[in-house]
Amino acid sequence: MNAPNELNLVALSRYGNDFLREVEERVEDGEWVKMCMQCGVCAGSCPFGPHWEHSPQKIFMMIRAGKRDEVLKSDSMWMCTSCYNCVVRCPRKLPITQIMHGLATYANRLGLAPKMQPTRQWSLLFWDNCTKTGRVNELKLTLGLYFKDGLVSGIKQAWAMRNIGLGLLLAKRLNPFELIKGHECKDKAGIHRMLKKAQEIEAKRLGLGER
Amino acid sequence: MAKKEYAFYPGCSSQLKGSASNYLTSVNSMCDTLDIKMTPIPDWNCCGASVSYAGAGELSRHVMNARNFALSAEHLPGQDVVATCAACWLGAKETKEKLDANSVLMADTNEALKEAGLHYKGGTEVRHMVEVLIEDVGYEGIAQPVVKPLEGIKFAGYVGCQTNRPFGIAGESFENPMYLDKMVETVGGEALTKYEQKVSCCGGALAFSEPDKSQKQIKQIVESAYDQGADMIVTPCPLCQANVEVYQSEINRKQGTRFNMPVAYYSQLLAVAYGASAKQAGLDGHIIKPTKLQEIAVKVVAKK
Amino acid sequence: MAEMKTAAYVCGGCGLAERLNTAQLAKIAEREGKMNLVREHPFLCSDAGVATIRADIENEGVTHVALAACSRRAKTEAFDFPGVALSRANLREGVIWAQPATDAARETTQEMADDYVRMACAELKKMKVPAGNPQAAKNTRLMVVGGGVSGLTAAREAAQAGYEVLLIEKRGALGGWAAQLHRRVPEREPFAEPVDTGVAALIEAVTKDKRIQIMLNATLAKTSGAPGRFSASIATESGGTSIEEVGAIIQATGFTPYDASRLTEFSYGKSPNIVDQAGLERLAREAAAKGEAIRRPSDGAEVKKVVFVQCAGQRDDSGKHLPYCSGFCCATSIKQAMYFKDANHAVDTVVIYTDLRVPGAGEDFYRSGQKKGVTFTKGRVGAVEPNGSQAKVRFRDLILDEETTIEDADLVVLATGQVPNSGVNIDKPDAEDANGAKPISILNLSYRQGADLPQLKQGFSDSHFICFPYETRRTGIYTAGPVRRPMDIAQATEDATGAALKAIQAAENASLGRAAHPRSGDLSFPIVRLDGCTQCKRCTVECPFGAIDEDEKTYPQFNESRCRRCGTCMGACPVRVISFENYSVDTVGAQIKAVEIPDETEEKPRILILACENDAYPALDMAAMQRHTYSAYVRAIPVRCLGSVNTIWITDALNGGYDGVMLMGCKHGDDYQCHFVKGSELANVRMAKIGDTLKQLALENERVITHEVAITDMVRVGKLIDDYAATIEKIGLSPMKGFA
């Protein structure tokens, strides 16, 4: 999913210019966006703040101003490290971390998120990995990250990290056998079924496929 | 009969040979001394951590956590779920609160859980290991089994983000929580209470996807510890431990620093103070050796 | 009146006996002060000490008492002797606490104490016990001018406190602006919804109240008199006038909205869809009466989008519009946005603001607005134009930092501000008000200084903002509500209650012949020796409170109950014919002359400090309480206000060989703290002109300086004194010594 897709067209036809309403109805904790009072403490408290193209404060304003493309195509919200500093300082108590992740998720679902955004790719990798068996396979996850941009890039990155890898290996915090089989849940099938159901329920609740 | 019993949720990193396996080892040793029985939830699953949101969406994350609650309630009824990983704790606690408050979300969750033959009734208590130590054992209880006080070691207590925000531990301040410093002092160490980077973010999961941005944060975290005169950094989060320890060589290489600051878990401090061996305290699971702890671990002291 | 018998009491308590030779002080009181009776006592404020004094008053016929003890600001309850003239030598705060307790300092400390005893005795002999105001009048009926929320509340509160009230209103109905609102901003928990204005209930309560007489369609043709005896000629609709006697007046004449047509860039008047807040309320009431939603005024179409423009013609730096914030308008816009949202959630309501101000408990109301889906956009509106049957709003989005336009607003509401209905500006009688109108007088006072209450800034009446917000510059007349400063209904209600209390206080005190504020309970008042008066009019013009009128022979006519006893008139009079019985040119002059001035060989300067009793003298006391010491060469005399300082005192001091004179008074200027409003400022002006006098005496300019001192300056005041002592040392002792 890295190009505007059918879901995006459906959303546009349903909400038109009313991006605020779209966010309220479809983004996790989106109903809080209207409570922002534009104080800017979130922007000032963020550890990765300077790396956001649009600060959280600005993103809320942009949503109210109907700047749908600029928000959803931005890589700003992918900068969130889940440190929750904004959340505890917001005078309106907005769950900013959740909203940012929610916007990122929504942008990804609609195919609008920047294709090569590394955290986006990392996030998808992580979910794929942990839902495969119910537990994370750390080695496969890390290698998946290194090789996401191709074989050459992968070898380069793995080589650059070789000392760290070796150190972890010696410290018994890296298990090469994970390449073959890592930790797993017994009821993998049950987990797969339950997650499929969850995705269905959520898509329905959000009206993702509805005009 | 163990004094306290909990349903243990170790999380993916704290598994055998996982990236925080030494955390698990030291927790086991510490709980042994404190007579705390931690029974892993049978067939527990990953919580999704803080970074899997793009693939998961909202409901799926809650369902993953709820599965653990349901399993815990089924196999370890009446026991609180205790997580050692900060992200697992935070995510699970968020799910617990959201489901308790929103009956539609609860119903949807259970509809999904049904596919795995499970049902969550609600009401599971989700605690972090340090909460259990502070609230259930108490600082006095933590002090009691100390046979080797960690005298002479200066610790920078790096609380980090997720045990501190948004829930916080035992009502402490978000801007300057003191619990880690108090724990250090309880086991005889010297706590550097003016450590400015105490609650700064290390980059978390983005240490993987945005290494340069994250390493900028980590550099400040380690540098500040040196500025305060720390011998080592102590932390309650497995990702913080890994991030702050493991990338020091990278930072040295790229930014010309000469960092070599050991990063230990609070559970390792307690284990060593309680007389555990280096192996039992997971001290052999480090890239930067916590030599001062190792020295104390090999000291011979008359048994109490 | 009984023959004057003087007694001096020297206290030994609080360390006085240890630090001073009290026997010497007693001797000075007797020999130099010429006191009829002198006693020493180890603990004068004790029951036994006070009993001794009372016994002397009763049995020995003592009529004048000098206490050489602590400051006049201390122990006022213990040393309360009604009917007896009292002077106090400040030996504790003024001497021993302000001087180092060392052996080396003993000599100069004793000299200070000696002088203060001389001064207290000299002052005492010039004092008379005030007899009270012979013109005291006993009318405690209040007149409230203005029948809006402020006036109604003032009337009701006064009536409930047991007072008769006359309420006059220029229009044909009560209720003012509040009665024209559809709803008002809530002032009770949970502060979430617009509520009933409550005005109907208030009007009913006032109308039914037997103590309140109401006159509608009534204005003041003339107001004369003074507290306790105001006489108001009221012009009624029928054309006649009725004369009413009242004891105090409350002016609650409210505001006029800023004329939105002056905001040419907002096109008010060019389309019925562009309204001000009053206009929106009208639409809301009309719609509610019909049981319908508010419709677009131009064609009755459905309203889909409303834009609220905040700070319309307010907080303006260009000088064209109001420079201030009116405080109530943001909450009003939120309320009006809620009118739409409550009726139909789909209506888009956008509030464009630069800062959102919701004083009082407004934050909860703001949150409630956000919860209802009112959109708040931080932006600066540049222009509003009609756009067919809609309107275009051009603004700069301040967060996104870009110019944007809303093309399709069905209604635009301009949040304009309040222009007070203050009447004529007596300092600039031809000036226009902020709406470009020439005001007509409201009170029509027959006072010599002018027909209305003096204004301070922006057309609002001067109400001693910093210290005493309910006061005005006319005794017995109080302002309440937006005529005093911009405010909303909740604040106006509180304001009116305060004004009612002040009016009652003024009338009651006037009936007892006493001053009410700030010299509470003062029975003295200015007495003029008219045969010496040169009719220069300085007292009449300079009185900060317009207490002095002019009679037909152009002599000053004093209205005692309009007077606040500050003594500015006394300070102004070049022929010194004005004095108070217990505070006169002589009481201070005698103190100045009583000080022993060493000749120049002794190299001990003498510096006179005239310190106002409101801020400067307390600062000196408090510096001493903290044991901040300063030069032993100063002699401080408290004055009621620097405005009461007559230049003769300065001349006498310089002639008498004083090396320097320091005047210390309250802050003057726009943010004045001077308790008598103008006194400190006048003193400053007069001292600026004293250069001529100094030249005549061949003295340096540094010999007289003036400082603004606040009551909190306890550390600074000692430094000011020591710095001045150093200046005197630099320029040398006064060459006038030995000529006295």
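Each chain gets a letter, A, B and so on, in the order the sequences are listed, and its residues count up from 1. Note that the structure is a prediction, hence the values are computed from the model and not measured.
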Which one of B:Leu16, B:Leu118, B:Asn164 has the most heavy-atom pairs closer than 4.5 Å to chain A? B:Leu16
Proximal component of A:Asn129, with respect to chain B [non-hydrogen, under 4.5 Å]: neither
Side chain to side chain, A:Met79 and B:Glu210, heavy atoms closer than 4.5 Å: yes
State plainly whether the residues A:Arg173 and B:Glu245 are in salt-bridge range, i.e. N to O under 4.0 Å. yes
Side-chain heavy-atom pair A:Glu138, B:Gln15 within 4.5 angstrom cut-off: no
salt_bridge(B:Lys17, A:Glu178) N-O dist < 4.0 Å: no
Sub-3.5 Å donor-acceptor pair from the side chain of A:Thr105 to the main-chain atoms of B:Gly57, do we have one? no
Are any non-hydrogen side-chain atoms of A:Met161 and B:Tyr247 less than 4.5 angstrom apart? yes
Which bit of A:Val87 is near chain B, if near means a heavy-atom gap under 4.5 Å: side chain, backbone, both or neither? side chain
Taking A:Ala160, A:Cys185, A:Gly167 one by one, which has the highest count of heavy-atom pairs under 4.5 Å against chain B? A:Cys185
Using the ring of B:Trp44 (Phe, Tyr or Trp, six-membered ring only), decide whether A:Arg135 places NZ or CZ under 6.0 Å from its centre and within 45 degrees of its axis. yes
For A:Ile164, which atoms come within 4.5 Å of any heavy atom of chain B: side chain, backbone, both, or neither? both
So, does B:Asp43 use its side chain to make a donor-acceptor pair with the main chain of A:Asp187 at under 3.5 Å? yes
Going from OG on B:Ser50 to CZ on A:Phe126, what distance comes out if it is rounded to the nearest 0.5 angstrom? 8.5 Å
At a heavy-atom separation under 4.5 Å, does A:Trp122 approach chain B through its side chain, its backbone, both, or neither? side chain
Ignoring hydrogens and angles, tell me if any N or O in the side chain of B:Arg165 forms a donor-acceptor pair with the backbone of A:Cys83 under 3.5 Å. yes
Contact part of A:Glu200 toward chain B, heavy-atom cut-off under 4.5 Å: side chain, backbone, both or neither? neither
With the side chain counted from C-beta on, respond yes when B:Glu115 and A:Leu195 share a heavy-atom pair under 4.5 Å apart, and no when they do not. no
With heavy-atom distances below 4.5 Å as the criterion, would you say the side chains of B:Arg61 and A:Glu28 are in contact? yes
Quick check for you: to the nearest 0.5 Å, what is the distance between A:Asn108 atom CG and B:Tyr53 atom OH? 9.5 Å
Closer than 4.0 angstrom, basic N to acidic O: yes or no for A:Asp29 and B:Lys98? yes
